[in-house]
2 protein chains.
Amino acid sequence: MMAPMARAATTSDVFNAIAEPQRREILALLRSGERPVTELAQELGMTQPRASKHLRVLREVGLVRDRKAGKQRLYGLDARGLRPIHEWTGGFERFWNESFDRLDAYVQDIKQARQEGSNR
Amino acid sequence: MMAPMARAATTSDVFNAIAEPQRREILALLRSGERPVTELAQELGMTQPRASKHLRVLREVGLVRDRKAGKQRLYGLDARGLRPIHEWTGGFERFWNESFDRLDAYVQDIKQARQEGSNR
DNA sequence: TTGACGCATGCCCATATCGGCATATGATGG
DNA sequence: CCATCATATGCCGATATGGGCATGCGTCAA
C-alpha cells in the first residue's frame, strides 16, 4: 500500500504553465523579441531569481527557448505550445456563440429564481 | 510588516480552473448536455466527492451552472468564460504560423548545437 | 414524520508551488 | 588564473490544492 497520493500531476504541462499570471506576462512581453532574464525581470518588476524560475517552467513545457549570446542568455518565445490550448478552447466556441448562451442562461435564472422562491 | 506572502492568487481564475485535467474532462463531457454529479463522477471514473469539488471550482469561475431538478442537481456548461483564453492564446497565432517557427527554430538549434559543441 | 437518496462539506494527509534570500555556476575580459 | 557580471539553484517558509473518507443537509416519496 502506498500513502494516499495527493495531486494528479499538474506541472510540466502547458495549461498549468500559463495558469500563472506572471508567466503569461512574460510570454506577452517576449512577443516583442528576445530578452535576457535581467531585462525581463526589470520590465515586469520582479526579482531576477523569480523571473528565472518562471522562465524555467516555461522552458520545460517548451514555450520559450534560450540561446547564449555572449555573457547573456536570451530568452525567446516559442508559441507553438499554445496552439493546443487555442484549439481546445476553440472546441467550445459554438457554446459561447449560440443564442443558448445569453438568452437561455437568462431564462434558466428566472426559472430557478421562481423555483427557489416558491420553495421558501 | 507581514509574513512573506507565498503565492500570488491562483484559484478563482479560469486559467487555473482548466489547468486541472479532470476539470477539462468534465467540461468536455458537459458539451453533450447537463448531468447530475453522480453521473459525471461515474462516467469519468471518479468518486462523487471528488467530482463535486471540481464542479465547485468550475462553478466559482463561472464555467458551469447548476440548477435543481427534483432530487437532483444538474450541472451544465457555460463556456463563455473560455472565450478570454481562446482569445489570449489567439494573440500568439502569428507566432506559431510564421516561417519563423519551424524553420527559424531549426536554425537556432543548429547554431546553438554548434556553439555548445565548440565549447566542450 | 421518516427513511433513502443525491450531493456538498469538513477534516486530515501528502505534496506542489511561489516567493525571498543567499549562493553556486558560467562565461567574459583582463 | 582572477575579478566580475549574468543566471541558475538550493533551501526555507507559508500556503494552496487534490484526494480519501465520513458525515451533514436538503428533498422526495411513503
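Hydrogens, waters and symmetry mates are skipped; everything else that's a heavy atom, side chains included, is used. Residue numbers start from 1 in every chain, and the chains themselves are labelled A, B, ... in the order their sequence lines are given, proteins ahead of strands.
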Short N/O separations, protein against nucleotides 8-12 of chain C, under 3.5 angstrom:
from, atom 1, to, atom 2, distance (Å)
C/dA8, OP1, B/Y75, OH, 2.2
C/dA8, OP2, B/S52, OG, 2.3
C/dA8, N7, B/Q48, NE2, 2.7
C/dA8, N6, B/Q48, OE1, 3.2
C/dT9, OP2, B/R56, NH1, 2.8
C/dG10, O6, B/K53, NZ, 3.1

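Taking the salt bridge (Lys or Arg N to Asp or Glu O under 4.0 Å) definition, one finds that B/R56 meets it with B/E60, sequence neighbours left out.
In this structure, the nucleotide among D/dG18, C/dG19, C/dG6 sitting nearest to the side chain of B/E20 is D/dG18.
Mapping A/K71 and A/H54 onto DNA chain C by nearest heavy atom places A/H54 at the nucleotide closer to the 5' end.
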*Determine, step by step, whether A/R83 and A/E87 satisfy the salt bridge (Lys or Arg N to Asp or Glu O under 4.0 Å) criterion, reporting the C-alpha distance in whole Å, the side-chain angles of both residues, the deciding distance to 0.1 Å, and the verdict.*
CA-CA 6 Å; A/R83 191 169 185 168; A/E87 284 168 356; 3.2 Å; yes

*Given the rule in the ring-ring contact (aromatic ring centres under 6.0 Å, His included) test, do B/W88 and A/H86 qualify, once you have shown the distances and angles that lead to the verdict?*
CA-CA 8 Å; B/W88 186 79; A/H86 188 67; over 10 Å; no

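Residues A/Q42 and A/T38 bring no donor and acceptor atom of their side chains to less than 3.5 Å of each other. Side-chain contact, A/R59 with A/Y75: a donor N or O sits under 3.5 Å from an acceptor N or O.
Separating the CG atom in A/L44 from the CD atom in A/E25 is a distance of 5.5 Å, to the nearest 0.5 Å. Taking CZ of B/R80 as the start and CG of A/N97 as the end, the distance is 11.5 Å to the nearest 0.5 Å.
Between the C1' atom of C/dC18 and the CG atom of B/N16 lies a distance of 13 Å, rounded to the nearest Å. Atom NZ of A/K68 and atom P of C/dT28 are 7 Å apart (whole Å). Put simply, CG on A/L74 is 19 Å from P on C/dG26, counting in whole angstrom units. One can place CD of A/Q72 at 15 Å from C1' of C/dG29, the figure rounded to the nearest angstrom. Separating the CZ atom of B/R23 from the C1' atom of D/dG19 is a distance of 13 Å, rounded to the nearest angstrom.
Within a heavy-atom distance below 4.0 Å of DNA chain D, the residues of residues 38-47 of chain A found are A/T38.
Figure legend: B/R31 and A/F95 shown without cation-pi pairing, the cationic atom not lying both under 6.0 angstrom from the six-membered ring centre and within 45 degrees of its axis.
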